[in-house]
Each structure stands twice: as structure tokens, then as C-alpha cells.
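Beneath this line is the structure, given in C-alpha cells, with notes to follow.
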2 protein chains.
Amino acid sequence: MQLTRQSEYAIRTLLELSKYSDGEFIQSRAIAIQQDLPVQFLNKTVQILARTGLVETRRGMQGGIRLAVKPETITIADVVVAIEGKIAINPCLADDYHCVNRPNCRVHEILERAQSAMLAELDKETLADLVRDDNNERVI
Amino acid sequence: MQLTRQSEYAIRTLLELSKYSDGEFIQSRAIAIQQDLPVQFLNKTVQILARTGLVETRRGMQGGIRLAVKPETITIADVVVAIEGKIAINPCLADDYHCVNRPNCRVHEILERAQSAMLAELDKETLADLVRDDNNERVI
DNA sequence: AAGTAATAAGATTGTATTTATCCTATATAA
DNA sequence: TTATATAGGATAAATACAATCTTATTACTT
């Protein structure tokens with residue numbers, strides 16, 4: 001329903017991975033330290049990203065995480081949708097929500113417009129855009 | 001953090017009141033029936049709207065609720081902010097949120113831009129706009 | 001003055017969601 | 001075969017959301 005912390009973590013994770021986009025696997029622990037995120041929760045987040053095909057993972061020694069696609073092709077909206085599923089800023093915008101006022105409801109219509117405006121904004125920026133302007137230097 | 005059902009209820013309530021904007025007090029029960037909302041919860045919502053000055057209430061017989069301002073001057077954003085307080089579509093946008101990446105954080109920046117786009121959309125429409133196009137006829 | 005009708009306000013409850021953490025399993029390289 | 005890293009399930013703690021209950025307060029009506 002909303003943009004959770006996990007979405008933010010996912011963005012930061014992918015942002016971090018974008019800095020290394022030359023095929024090498026980065027350990028989740030390193031990302032967690034770098035971006036100050038709880039490791040275990042980050043691992044859960046990575047699992048989701050892996051299932052949706054945004055990252056590739058490798059277990060065992062020399063294992064870790066890497067982008068599965070070019071950072072130019074992933075928008076922030078892509079990341080958010082990967083984590084949250086279909087967005088609905090208000091319950092009445094959810095697919096399975098039954099409302100007596102449908103389908104001709106001005107409230108619904110306006111909320112939907114607001115949501116679209118938000119998602120459009122998130123769809124403007126790719127990971128590549130972000131990493132280009134990011135102030136956080138690569139430390140490790 | 002998000003646009004709750006209570007926000008939607010508030011919008012619907014004010015929308016309903018806008019249909020009668022000639023100074024008469026409408027009972028919350030009538031609004032609840034008209035818009036299919038839980039009465040007690042609606043009363044809570046009205047209390048908030050009253051505190052923020054959007055509606056006036058009167059107790060006792062012949063009492064009820066009415067708009068405190070003209071429907072042309074209330075935007076949907078006004079209503080949402082009245083109910084939710086300062087909006088933050090992501091925890092990192094909250095005022096009291098401490099983040100190591102501040103103040104130079106691209107993620108924060110983009111989320112903020114998305115939020116602004118959303119609020120701008122909600123700020124475009126007033127209650128008067130809504131009631132003009134509303135399909136729900138006044139029944140009582 | 002008493003009774004009735006309406007909202008105000010505080011307390012409480014139930015549920016769902018969010019944000020983790022723990023533990024065991026599985027894969028992989030050295 | 002051992003050390004290392006993610007996978008996945010279970011669970012827990014915290015928070016938020018939605019709703020209800022109860023008692024007060026206000027105000028008209030008779």
C-alpha cells in the first residue's frame with residue numbers, strides 16, 4: 001500500500017551494486033555496512049529482488065549479489081514495484097477493493113491521478129542516473 | 001505515512017457537506033448512511049476536521065456538522081493533510097527521521113519529488129470541483 | 001426544570017502490516 | 001571437506017490502522 005522502508009533499502013542496495021557493475025559479486029554484508037542497513041533484513045530484500053530478476057545471487061565463497069540488468073534500464077519505479085507489488089496509495093485504489101461508488105467516483109479518480117503522478121516521477125530516474133549524481137563515495 | 005481510509009472518509013464527508021452548503025447542520029448519521037461509512041469512526045474523523053477548522057459542529061438537537069469554509073477554498077490536499085498531518089510517503093521523508101545519508105541523498109531527493117508530484121495533483125482539485133462532477137445524487 | 005438528541009473525548013480492542021531476528025538448509029569455492 | 005555465503009521458514013516485536021464502547025457535554029424542546 002505504501003513505500004516501505006524495505007523499498008528504500010532495495011533502492012540503496014541496487015544503487016550500491018550499480019557502482020560495481022562489472023559482473024563481480026558483492027557480499028550483502030558489505031552492502032549492509034556501506035549503506036547502514038540491517039543485514040538479515042537486507043538479505044530478505046535481496047531474495048525478492050532476485051525472484052523478480054533484478055539481481056543475480058551466488059552462494060558460498062566468492063558469492064554475493066550483482067545486478068542482473070544494466071543500471072540504465074532499471075527505474076526507481078521498477079524497484080518499488082518489485083518490492084511492494086502493485087502500488088495503491090489508498091485502499092480504494094487496490095484491485096480487490098469493493099466500493100459502492102465504483103466505477104463513477106470522483107474521489108477514486110483523483111486519488112488515482114495523484115498516484116500516477118507519483119509513479120511517473122519515480123519512473124523518470126534510473127539507477128544509472130542516481131549513481132551518477134550520488135554523493136556517497138565508494139569506500140571499500 | 002500513507003493515505004488512510006480515514007482520509008477517504010474525510011473527503012467523502014466534506015463532499016457530502018458541500019452539497020448542502022447553505023449553513024444548515026447535517027447529522028453525522030445521515031452522512032454515514034449516505035456515504036456508507038461507519039458512524040462512530042466518522043465522528044472521530046469529524047472531530048479532527050473540526051479541530052483543524054474545516055467544519056463546524058453543533059451538539060444537541062438540530063445539531064450536526066457543516067462546512068466552516070467555502071468548498072471552493074478547500075483542496076483535497078488540505079483534507080488529507082488535516083487528517084494525516086504532514087505527509088511522508090516513505091519513512092525517510094519524515095521530519096524526525098535521522099538518516100546518515102542526509103542531507104545529500106539522491107534517494108531522499110527523488111522520493112521527495114515523487115511525493116510533491118502527488119500532493120500537487122491533490123492540490124489541484126477543490127471540494128467544489130468534486131461536487132460539481134459527482135455522480136452520487138443527493139438523496140435525503 | 002426535565003428530557004431528549006446530538007457531538008466530544010478518552011479508553012480500549014482487534015487486526016494487519018512492518019521490521020526485523022533466529023535458525024536451519026543449501027550451494028559453492030578453495 | 002571445510003569455510004563461507006545466500007535461501008527460506010518461523011517467529012517476534014513494534015507500530016499503525018480501523019473500529020467500537022463508554023461516558024461526558026451541549027443544546028434544543030416541551
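Naming: A, B, ... by sequence-line order, numbering from 1 per chain.
- For the pair B:Arg58 and D:dC28, the criterion of a side-chain N or O lying under 4.0 Å from OP1 or OP2 is met.
- To the nearest 0.5 angstrom, B:Leu54 atom CG is 5.0 Å from B:Ile74 atom CD1.
- Within 4.0 Å (heavy atoms only), A:Gln47 reaches at least one base atom of the nucleic acid.
- At a cut-off of 3.5 angstrom, the base of C:dT28 holds no donor-acceptor pair with the side chain of A:Arg59.
- Between the side chain of A:Lys44 and the base of D:dA7, no donor-acceptor pair of N or O atoms lies under 3.5 Å.
- Of the listed nucleotides (C:dA20, D:dC28, C:dT19), C:dA20 has the atom at the smallest distance from the side chain of A:Pro38.
- Remark: B:Thr57 is not in phosphate contact with C:dA6, judged by side-chain N or O atoms under 4.0 Å from OP1 or OP2.
- Remark on DNA chain D: of its neighbouring residues A:Met61 and A:Asn43, the 5'-side contact belongs to A:Met61, judged by nearest-heavy-atom nucleotide.
- Computed from coordinates, the B:Gln40 CD to C:dG10 P distance equals 16 Å when rounded to whole Å.
- One atom, CZ of A:Phe41, and another, C1' of D:dA7, lie 16 Å apart when rounded to the nearest Å.
- If you take CG of B:Leu49 and C1' of C:dT7, they are 14 Å apart, rounded to a whole angstrom.
- Following rounding to the nearest Å, B:Arg5 (CZ) and C:dT17 (C1') show an atom-to-atom distance of 16 Å.
- A donor-acceptor contact shorter than 3.5 Å links the side chain of A:Asp78 to the backbone of A:Thr75.
- Remark: C1' of C:dT19 and CG of B:Asn90 are 13 Å apart, rounded to the nearest angstrom.
- Between the P atom of D:dA18 and the CD1 atom of B:Ile83 lies a distance of 11 Å, rounded to the nearest Å.
- The existence of a salt bridge linking A:Glu109 and A:Arg113 is confirmed by a sub-4.0 Å separation between a basic side-chain nitrogen and an acidic carboxylate oxygen.
- Put simply, CZ on A:Arg29 is 10 Å from P on D:dT4, counting in whole angstrom units.
- In this view, A:Tyr97 satisfies the ring pair (Phe, Tyr, Trp, His ring centres under 6.0 Å) rule with no residue, not counting sequence neighbours.
- Contact check, A:Tyr9 against C:dT19: no side-chain N or O comes under 4.0 Å of OP1 or OP2.
- Interatomic distance, CD1 of A:Ile83 versus OG1 of A:Thr13, reported as 8.5 Å (0.5 Å rounding).
- Using a 4.0 Å heavy-atom criterion, one finds that B:Gln27 contacts the sugar-phosphate atoms exclusively.
- Phosphate contact (OP1/OP2 of D:dT6, side-chain N/O of A:Ser28, threshold under 4.0 Å): present.
- Place B:Gly60 and B:Arg51 on DNA chain C by their nearest nucleotides, and B:Gly60 ends up nearer the 5' end.
- Rounding to whole angstrom units, CG of residue B:Leu37 and P of D:dA19 are separated by 9 Å.
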